[in-house]
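One structure is given here, and the rest of the page talks about it.
Indexing begins at 1, ligand by ligand and atom by atom, following the structure's order.
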Amino acid sequence: MAQCAFIGLGIMGYPMAGHLQAKGHQVAVYNRTAAKARQWVEQHGGRHAETPRQAAEGAEFVMLCVGNDDDIRSVAYGDDGALAGLAEGAVLVDHTTASADIARELEAKAKATGKAFIDAPVSGGQAGAENGVLTVMCGGESASFERAQPVIQAYARAVTLLGPAGAGQLTKMVNQICIAGLVQGLSEAIAFGLKAGLDMDQVIGVISKGAAQSWQMENRAPTMIKGKFDFGFPAVWMRKDLKICLEEADRNGALLPITALIDQFYHEVVDAGGARWDTSSLITRLTRKG
Ligand code: NAP
């Protein structure tokens with residue numbers, strides 16, 4: 001069992017840290033809003049730290065799960081940052097969905113002082129975090145990955161090393177590009193079927209047994225048909241992720257014409273008041289009245 005720290009107890013981090021403690025690891029938690037960290041300790045045990053540095057002190061593995069690149073900088077760097085508290089030989093694991101650049105930057109800073117780094121964005125959403133069945137896409141050196149993998153396994157069903165630092169984030173970008181196009185296709189199909197007067201629950205029941213089947217169809221079509229979006233992965237965060245994809249494509253020369261268009265569609269959804277609506281709310285552009 002390992003000494004761990006978990007920084008960022010949001011929708012994802014809170015249950016992920018809980019699985020670590022439940023599997024017998026010793027967990028120190030830090031959260032910007034301290035009340036959440038105190039609540040976590042009341043619920044799970046472990047230790048509450050006042051700063052990321054204090055959480056990292058004495059830990060063999062320090063997990064981050066915050067919002068974006070800037071949030072990572074604010075918890076990892078500086079006198080009170082996690083890197084300042086991290087012992088030599090310890091591994092910093094970043095579960096934030098962020099750029100590949102910040103992953104490479106974190107690895108360079110960690111290595112300069114004898115520490116290791118793994119970028120490890122996740123897929124599987126809130127339910128995956130709560131049930132401990134996330135898919136974790138990792139980048140970094142294999143020796144550090146081999147050490148961190150059994151610990152990460154506490155909240156994952158698959159933990160895979162895909163290349164050097166940044167490879168986890170690049171893989172998550174591929175994942176988000178797939179989802180963007182797929183959700184738009186599903187939205188158009190459902191909106192078309194509704195306009196055609198079909199019983200779309202029945203239609204989805206039939207076509208989900210064939211080649212049109214997807215995770216989005218199985219898990220999101222029923223709520224898309226009902227027009228329910230107050231759950232899941234927020235549209236505003238999908239925009240954050242697509243921006244990262246588009247910036248990376250600018251650098252590597254990949255063409256993402258549909259992804260760029262769908263990013264604009266999400267812009268419309270956010271402008272219409274849907275910032276916190278699930279990603280499947282893309283369909284509202286096609287079904288709203290007037
Ligand atoms: P969330 O509920 O908004 O939580 C964000 C966490 O980061 C909170 O603990 C927040 O602290 C902390 N934080 C944000 N900015 C900070 C800053 N500048 N300094 C210190 N702490 C800061 O987000 P989440 O849904 O858990 O998502 C976390 C990451 O996982 C994101 O990168 C997201 O894209 C990714 N992800 C999310 C999902 C999902 O379904 N939610 C799925 C896959 C991947 P406070 O409590 O003080 O606000």
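For atom 28 (C) of ligand 1, the nearest non-hydrogen atom from the set V122, V75, V66, V29 comes from V66.
Side-chain atoms of D69 come within 3.5 Å of backbone N or O of S99 as a donor-acceptor pair. A donor-acceptor pair under 3.5 Å is absent between the side-chain atoms of K240 and the main chain of N68, judged by distance alone. In this structure, the side chain of E60 engages the main chain of Q3 through a donor-acceptor pair within 3.5 Å.
Few gaps surround CD on Q264; more than 12 heavy atoms of other groups in view lie less than 6.0 Å from it. Enclosure of atom CG in D79 is not indicated, since only 12 or fewer non-hydrogen atoms of other residues, nucleotides or ligands lie within 6.0 angstrom. Other residues, nucleotides and ligands place no more than 12 heavy atoms under 6.0 Å from the CZ atom of F192.
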Under 3.5 Å donor-acceptor pairs involving side-chain atoms of residues 161-174, not counting sequence neighbours:
unit_1, atom_1, unit_2, atom_2, d
Q169, OE1, A98, N, 3.0
Q169, NE2, T96, O, 2.8
T171, OG1, A167, O, 2.7
K172, NZ, V122, O, 2.7

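Counting only heavy atoms of the protein, atom 48 (O) of ligand 1 lies nearest to R32 NH2, 2.9 Å. Scanning all protein heavy atoms for the shortest distance to atom 35 (C) of ligand 1 gives T97 OG1, 3.5 Å. Looking only at protein heavy atoms, the nearest one to atom 46 (O) of ligand 1 is K36 NZ, 2.7 Å. At the top of the distance list for atom 15 (N) of ligand 1, counting protein heavy atoms only, stands D71 CG, 3.1 Å. Annotation: atom 11 (O) of ligand 1 to nearest protein heavy atom, N31 OD1, 3.6 Å. Among protein heavy atoms, the minimum distance from atom 23 (O) of ligand 1 is reached at W237 CH2, 2.8 Å. Scanning all protein heavy atoms for the shortest distance to atom 30 (O) of ligand 1 gives C65 SG, 3.9 Å. Among all protein heavy atoms, the one lying closest to atom 32 (O) of ligand 1 is G67 O, 2.9 Å.
Close approach to K240 involves these atoms of ligand 1, each under 4.0 Å from a residue heavy atom: 31 (C), 32 (O), 33 (C), 34 (O). When each atom of ligand 1 is checked for a heavy atom of G8 under 4.0 Å away, the hits are 9 (O). Which parts of ligand 1 touch S74 is read off a 4.0 Å heavy-atom cut-off, strictly below it: atoms 17 (C), 18 (N), 19 (N). The contact set between ligand 1 and T96, taken as ligand atoms under 4.0 Å from a residue heavy atom, comprises 32 (O). The ligand atoms of ligand 1 that sit less than 4.0 angstrom from a heavy atom of T33 are 45 (P), 46 (O), 47 (O).
At a heavy-atom cutoff of 4.0 Å, ligand 1 is contacted by the side chain of K172 but not by its backbone. Counting heavy atoms closer than 4.0 Å to ligand 1, residue Q126 contributes backbone atoms (N, CA, C, O) but none from C-beta onward.
Residue contacts with ligand 1: G125 is placed with no nitrogen or oxygen under 3.5 Å of a nitrogen or oxygen of the ligand (distance criterion only). An N or O contact shorter than 3.5 Å is missing between F233 and ligand 1 by distance.
Put simply, the residue from V151, L86, I118 that forms a side chain to side chain contact (heavy atoms under 4.5 Å, CB included) with V91 is I118.
Side-chain contact, E188 with Q184: a donor N or O sits under 3.5 Å from an acceptor N or O.
Not a single heavy atom of S123 sits closer than 4.0 Å to an atom of ligand 1.
Residues Y155 and H95 bring their aromatic ring centres within 6.0 Å.
Contact check on R104 versus E107 returns no salt bridge, with no Lys/Arg side-chain nitrogen under 4.0 Å from an Asp/Glu carboxylate oxygen. Remark: E247 engages K243 in a salt bridge, criterion side-chain N to carboxylate O under 4.0 Å.
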